[in-house]
Amino acid sequence: MTHPKLTLVDHPLVQHKLSLMRDGATSSPDFRRLLREISLLLTYEAARDLPLAKRRITTPLTQMDAPMLACADPVVVSILRAGNGLLDGVLDVIPTAKVGFVGLYRDEATLKPVQYYCKLPPELAGRLVIAVDPMLATGNSSAAAVDLLKQAGATDICLICLLAAPEGLACMAKAHPDVRIVTASVDECLNERGYIVPGLGDAGDRIFGTV
Ligand code: URA
């Protein structure tokens with residue numbers, strides 16, 4: 001099962017960096033840096049359809065009608081806590097983006113998301129809203145986060161995740177077929193504890209050194 005709006009970014013730089021991240025011997029500082037770099041590259045795909053309009057500018061040589069972004073500032077929403085590992089990469093590419101946070105933790109017994117925090121910028125309708133969470137595993141957390149974004153008015157949502165499991169894509173296809181998903185890999189499956197295989201382990205622990 002896949003998702004109708006899935007973009008798989010198979011660029012060699014992304015794939016190389018992802019392989020370094022998968023290696024269990026990669027240190028937390030290196031893991032963080034690589035995640036930020038990949039995030040930047042995935043954001044290019046997430047932002048591919050942003051509208052442009054021509055604006056008259058003066059170069060050192062002449063005047064020209066130059067293409068400029070013609071939309072309200074995009075919004076990036078970090079799904080805590082691992083989403084913070086992708087946040088700075090998005091802001092590197094879209095520095096004017098407004099930032100929101102959704103706090104969800106996974107109940108390890110049920111694998112279902114429990115919300116503990118939600119702080120979103122106002123006026124989400126009509127703007128690109130990029131939700132970031134490195135691991136689309138069961139899809140329950142991402143689907144719940146997207147529920148919150150839609151309740152808050154978001155109409156154009158893109159989820160950036162580093163890795164996706166087929167189970168997570170199926171969950172998102174059922175709950176939110178309209179939401180675009182940009183990922184660097186669709187892995188094989190989830191294990192019995194809800195971890196992506198081959199995966200890279202617990203992304204939050206590896207980002208924040210809490211292993
Ligand atoms: N969350 C993680 O951090 N890793 C997984 O493999 C699945 C969910």
Side-chain angles (χ1 to χ4, degrees), residues 1-3 6 8-9 14-15 17-39 41-43 46 76-90 101-118 130-149 157-176 179 181-211:
M1 177 63 175
T2 183
H3 187 283
L6 176 69
L8 180 63
V9 180
V14 170
Q15 294 304 312
K17 290 174 194 295
L18 174 58
S19 297
L20 295 174
M21 293 182 72
R22 289 185 190 275
D23 188 337
T26 296
S27 69
S28 188
D30 283 343
F31 189 92
R32 259 199 309 272
R33 175 183 51 78
L34 289 160
L35 184 56
R36 180 177 178 143
E37 290 169 3
I38 292 184
S39 165
L41 298 167
L42 298 181
T43 302
V76 54
V77 177
S78 171
I79 302 174
L80 299 174
R81 69 181 166 147
N84 279 8
L86 290 160
L87 180 58
D88 285 341
V90 179
F101 295 92
V102 171
L104 297 166
Y105 69 84
R106 187 165 65 155
D107 184 306
E108 290 302 332
T110 64
L111 302 184
K112 294 265 187 289
V114 182
Q115 182 194 323
Y116 63 90
Y117 189 72
C118 183
I130 301 174
V132 290
D133 188 352
M135 309 299 270
L136 180 60
T138 61
N140 292 333
S141 301
S142 299
V146 170
D147 283 340
L148 288 173
L149 297 178
I157 303 172
C158 179
L159 172 69
I160 291 183
C161 54
L162 183 63
L163 299 186
E167 294 88 336
L169 291 173
C171 173
M172 284 296 289
K174 194 162 170 225
H176 299 294
V179 168
I181 299 177
V182 174
T183 189
S185 175
V186 178
D187 274 15
E188 286 165 23
C189 60
L190 296 181
N191 71 10
E192 63 293 345
R193 294 179 53 219
Y195 280 88
I196 297 177
V197 179
L200 47 73
D202 186 301
D205 281 346
R206 297 200 60 191
I207 293 165
F208 298 113
T210 49
V211 191

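Both counts, for ligands and for their atoms, begin at 1 and track the order of listing.
- The distance from ligand 1 to the heavy atoms of Ala203 drops below 4.0 Å at these ligand atoms: 2 (C), 3 (O).
- Listed by number with element, the atoms of ligand 1 under 4.0 angstrom from any heavy atom of Ile196 are 5 (C), 6 (O), 7 (C).
- Atom numbering of ligand 1 starts at 1 in the shown order; those under 4.0 Å from a heavy atom of Gly194 are 7 (C).
- No side-chain heavy atom of Asp187 sits under 4.5 Å from any side-chain heavy atom of Val197.
- The closest protein non-hydrogen atom to atom 5 (C) of ligand 1 is Tyr195 CD2, 3.5 Å.
- Set against the non-hydrogen atoms of Ala137, the atoms of ligand 1 under 4.0 Å away are 7 (C), 8 (C).
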Worked check of salt bridge (charged side-chain N to carboxylate O under 4.0 Å, His left out) between Asp205 and Arg81: CA-CA 10 Å; Asp205 281 346; Arg81 69 181 166 147; 2.8 Å; yes
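- Remark: ligand 1 atoms within the under-4.0 Å shell around heavy atoms of Gly201 are 2 (C), 3 (O), 4 (N), 5 (C), 6 (O).
- Shown here for Ser28 and Arg206, the closest heavy-atom pair between the two residues is OG-O, 2.8 Å.
- Taking CG of Asp23 as the reference point, atom CG of Leu18 lies at 11.5 Å (rounded to 0.5 Å).
- Of the listed residues (Cys161, Cys158, Ser78), just one forms a side chain to side chain contact (heavy atoms under 4.5 Å, CB included) with Val132, and that residue is Ser78.
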